[in-house]
Visitor: 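Structure provided below as structure tokens; questions to follow.
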Amino acid sequence: MVEAPLTCDVLIVGGGPAGLSVASRLPDDVKTVIVHQDQEIGLPIRTSGGCWTDDNDRLGIPPEMYNVLEVNEAYADEAHAIIPLKGNLPAILDTPRLYKWLASQSDHKDRDLMLGTKFTSARRLGDGRFESVVRSRDGVNRKILSRYIVDASGWHVAVLRALGLSAARPERLGVGTEYEYPLGDNAPDRGIIFLGTKVPSGYGWAFATALGTLRIGVGVIQPDTDASPRKLLDAVVADEALLKRYKLKLEGEPIVHSGILPSVAFEDRMVWGNVIRVGDSANFATPTAGEGIRICIELGRVLGEHLGRAVTSGRDGPLKAYEHRARRQLKTNYKWGFLVNTRIAKYGPKEWNASVRRMAKLDTASVTGLLRNDFSRKKIMAMASSGGRAWVRARLNRLKRA
Ligand SMILES: Cc1cc2nc3c(=O)[nH]c(=O)nc-3n(C[C@H](O)[C@H](O)[C@H](O)COP(=O)(O)OP(=O)(O)OC[C@H]3O[C@@H](n4cnc5c(N)ncnc54)[C@H](O)[C@@H]3O)c2cc1C
């Protein structure tokens, strides 16, 4: 039996933070379908969930969904620093819970959530609508007719590739593996990052979570290195002297998480007629630390509001306004961030030792700016006066010329 096509106003491909946030802000009566290839929202875990308390307040994320890190430290081969963070502290999100909460914000709307369903192709029909094909886990294909398609499929860029709007997946990727252990005797409010020989072209992290666990992970940029993050992480967790230095105790069998995100220069086109991208499919994760969740939620909500206006008015002005907003918020910051990203990807142990020593001397605003990829003029000047002045000036001039 051939099922009749589903018809909707908006098809959202991907039920991660970006796609769910778009749906949360669409008007209640805009018929929306979200297709999500995983069986459950938020699982498997593919992200570390690092965030900042001020953003969580601003975005209305309930405090029970994250664990605040009061003590933050950085390690290089021969350097150690207490990172001088105050006020806006880092925190770790319980992402399965957060994503389910984001999904619940469109439960009351005219919205279907199709779990375990993969978007496989799309074509534009003569009447301007899109005919998409989705496949369920048991191999059944179904057609969906929609007026708009949102690509929220993350690094897969599934919709843009299917419609020939993007030729390939991103050529440079951040690839990470993380092990989750019981917290045991480890501090419940401490986070560390580690850099240098153990993590070429990337960085490592360890922190306590809201679930009473300890996560330790490694992320690298490929193809800058062909090292496997899992092998690097195995070497770290097997090195007792190193763990002692990091003040970590790992006990029991870990749960394994792994994930991928794009690590390419920001491109500011978001809209192709009635096809719109948001989240990692639009390179929203920060180039400095690969932090994307808060940006996906914020700009996902902005897109939901504008797309709602476009659907009801039939005009494309609101979508251009979304594109303009994303460009204004991210373009300059991400140019700076990407310069930092490509520069530090080449760092060796000597540069990391110097960097970690410098980090201890930076003021809170500068170090937060760097970690959050916030390169406002004031922050750049503060960084220039704390170190790296010649490099900052040269880049500032180059950016001005661009
Ligand atoms: C190792 C690692 C660590 C990270 N750490 C942090 C961190 O500490 N803090 C932070 O803020 N960010 C972090 N990020 C980045 C963050 O996870 C992403 O920026 C964010 O998840 C992007 O959200 P999204 O909704 O755009 O895409 P995703 O979260 O990737 O969601 C897209 C969803 O779409 C689904 N999908 C893909 N293709 C299809 C298809 N064809 N059909 C149906 N469904 C499809 C996927 O299964 C996926 O679940 C990390 C990323 C990685 C890889």
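Indexing begins at 1, ligand by ligand and atom by atom, following the structure's order. No experiment lies behind these values; they were computed from the predicted model shown.
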Visitor: For ligand 1, is there an N or O atom under 3.5 Å from any N or O atom of Q37?
Guide: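 Looking only at distances, the answer is yes, because the N/O contact criterion of under 3.5 Å is met.
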
Visitor: I need the nearest protein heavy-atom contact for atom 6 (C) of ligand 1: residue, atom name and distance, please.
Guide: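 Here the nearest protein heavy atom works out to T47 OG1, 3.3 Å.
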
Visitor: Hey, which atoms in ligand 1 end up nearer than 4.0 Å to a heavy atom of A152?
Guide: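 Close to A152: 32 (C), 34 (O).
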
Visitor: I need the atoms of ligand 1 closer than 4.0 Å to a non-hydrogen atom of I260, numbered in the order shown.
Guide: 53 (C)

Visitor: Closest non-hydrogen protein atom to atom 34 (O) of ligand 1, residue and atom name please, with distance?
Guide: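 Here the nearest protein heavy atom works out to G14 CA, 3.2 Å.
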
Visitor: Please check: side-chain N/O of R269 versus main-chain N/O of V271, any donor-acceptor pairing under 3.5 Å?
Guide: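 Between the backbone of V271 and the side chain of R269 there is a qualifying donor-acceptor contact (under 3.5 Å).
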
Visitor: Measuring only between side-chain heavy atoms, which start at C-beta, is S106 closer than 4.5 Å to L26?
Guide: no

Visitor: Give the intermediate values and the outcome of salt bridge (charged side-chain N to carboxylate O under 4.0 Å, His left out) for residues K31 and D9.
Guide: CA-CA 5 Å; K31 175 79 196 158; D9 296 305; over 6 Å; no

Visitor: Find all atoms of ligand 1 within a distance of less than 4.0 Å from any non-hydrogen atom belonging to D38, and give their numbers and elements.
Guide: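 Checking each atom against D38, I get 47 (O), 49 (O).
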
Visitor: Considering both backbone and side-chain atoms of G290, is one of its nitrogen or oxygen atoms within less than 3.5 Å of a nitrogen or oxygen in ligand 1?
Guide: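 There is such a contact, yes.
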
Visitor: Given side chains that start at C-beta, do those of I276 and V22 come closer than 4.5 Å, heavy atoms only?
Guide: no

Visitor: W155 and R169: which non-hydrogen atoms are nearest, and at how many Å?
Guide: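 Here W155 and R169 meet closest at CZ3-CD, 3.4 Å.
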
Visitor: Within the structure, does S281 bring an N/O atom to less than 3.5 angstrom of an N/O atom in ligand 1?
Guide: no

Visitor: Hey, does E178 have a side-chain heavy atom less than 4.5 Å from the side chain of S48?
Guide: yes

Visitor: Enumerate, atom names and distances included, each donor-acceptor pair closer than 3.5 Å involving a side-chain atom of residues 217-228, sequence neighbours excluded.
Guide:
| residue | atom | partner | partner atom | Å |
| --- | --- | --- | --- | --- |
| Q222 | NE2 | A227 | O | 3.3 |
| D224 | OD1 | R172 | NE | 3.1 |
| D224 | OD2 | R172 | NE | 3.2 |
| D224 | OD2 | R172 | NH2 | 2.7 |
| T225 | OG1 | A227 | N | 2.9 |
| S228 | OG | R230 | N | 3.3 |
| S228 | OG | K231 | N | 3.0 |

Visitor: Against heavy atoms of G176, which atoms of ligand 1 measure under 4.0 Å?
Guide: 1 (C)

Visitor: State whether the shortest distance between N or O atoms of F119 and N or O atoms of ligand 1 falls below 3.5 angstrom.
Guide: yes

Visitor: Based purely on interatomic distance, does P17 place a nitrogen or oxygen under 3.5 Å from a nitrogen or oxygen of ligand 1?
Guide: yes

Visitor: Is T117 near ligand 1, meaning one of its heavy atoms is under 4.0 Å from it?
Guide: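 Per 4.0 Å heavy-atom rule, T117 contacts ligand 1.
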
Visitor: Tell me whether E78 at atom CD has more than 12 heavy atoms from other residues, nucleotides or ligands lying less than 6.0 Å away.
Guide: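 Atom CD in E78 is not crowded, with 12 or fewer foreign heavy atoms closer than 6.0 Å.
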
Visitor: Hey, which of T53, T209, I92 is the one that makes side-chain contact (heavy atoms from CB on, under 4.5 Å) with Y66?
Guide: T53

Visitor: Report the nearest protein non-hydrogen atom to atom 25 (O) of ligand 1: residue, atom name, distance rounded to 0.1 Å.
Guide: A18 N, 3.0 Å

Visitor: When you compare ligand 1 with G19, is there at least one nitrogen or oxygen pair between them that comes in under 3.5 angstrom?
Guide: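 In this structure, G19 places no N or O atom under 3.5 Å from an N or O of ligand 1.
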
Visitor: Can you pull out the closest protein heavy atom to atom 7 (C) of ligand 1? Residue, atom name and distance to 0.1 Å, please.
Guide: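 That would be G50 N, 3.2 Å.
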
Visitor: For atom 51 (C) of ligand 1, which of R215, H36, R277, R46 has the closest heavy atom?
Guide: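 It is R46 that holds the nearest heavy atom.
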
Visitor: Begin from the C-alpha positions of Y246 and Y75 and carry the test ring-ring contact (aromatic ring centres under 6.0 Å, His included) through to its verdict.
Guide: CA-CA 8 Å; Y246 294 166; Y75 291 86; 4.8 Å; yes

Visitor: Can you find an N/O atom of G174 closer than 3.5 Å to an N/O atom of ligand 1?
Guide: no

Visitor: Donor-acceptor pair, N67 side chain versus A208 backbone, under 3.5 Å?
Guide: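 Yes.
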
Visitor: At less than 4.0 angstrom from any non-hydrogen atom of H156, what atoms of ligand 1 do you find?
Guide: 37 (C), 38 (N)

Visitor: Minimum distance, heavy atoms only, to atom 21 (O) of ligand 1: which one of F207, F284, Y99 is it?
Guide: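 Nearest heavy atom to atom 21 (O) of ligand 1 lies in Y99.
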
Visitor: Side-chain atoms of residues 301-308: list all donor-acceptor pairs with protein atoms under 3.5 Å, sequence neighbours left out, distances to 0.1 Å.
Guide:
| residue | atom | partner | partner atom | Å |
| --- | --- | --- | --- | --- |
| R301 | NH1 | L59 | O | 3.1 |
| R301 | NH2 | L59 | O | 3.2 |
| E305 | OE2 | R25 | NH1 | 3.1 |
| H306 | ND1 | V302 | O | 2.9 |

Visitor: Counting each atom of ligand 1 from 1 as listed, which ones have a heavy atom of C296 under 4.0 Å away?
Guide: 22 (C), 23 (O), 26 (O)

Visitor: Examine distances only and state if a side-chain atom of D77 and a backbone atom of T197 form a donor-acceptor pair shorter than 3.5 Å.
Guide: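 A pair under 3.5 Å: yes.
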
Visitor: Run the numbers for me: atoms of ligand 1, each under 4.0 Å from some heavy atom of G279, listed by number.
Guide: 26 (O)

Visitor: Tell me, which protein residue and heavy-atom name are nearest atom 31 (O) of ligand 1, and how many Å apart are they?
Guide: G16 CA, 3.5 Å

Visitor: Ignoring hydrogens, just give me the one of S153, G259, S258, S48 whose non-hydrogen atom is nearest atom 3 (C) of ligand 1.
Guide: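 The residue whose heavy atom sits nearest atom 3 (C) of ligand 1 is S48.
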
Visitor: Can you find a pair of side-chain heavy atoms, one from W272 and one from D151, that are under 4.5 Å apart?
Guide: no

Visitor: Side-chain donor-acceptor pair under 3.5 Å between S263 and N341, yes or no?
Guide: yes

Visitor: Could you find the nearest protein heavy atom to atom 10 (C) of ligand 1 and give me its residue, atom name and distance?
Guide: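 In this structure, atom 10 (C) of ligand 1 has G292 N, 3.2 Å as its nearest protein heavy atom.
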
Visitor: Nearest to atom 26 (O) of ligand 1, what protein heavy atom do you find, and at what distance?
Guide: D280 N, 2.7 Å

Visitor: At less than 4.0 angstrom from any non-hydrogen atom of G154, what atoms of ligand 1 do you find?
Guide: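 Contacts of ligand 1 toward G154, numbered from 1: 27 (O), 30 (O), 32 (C).
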
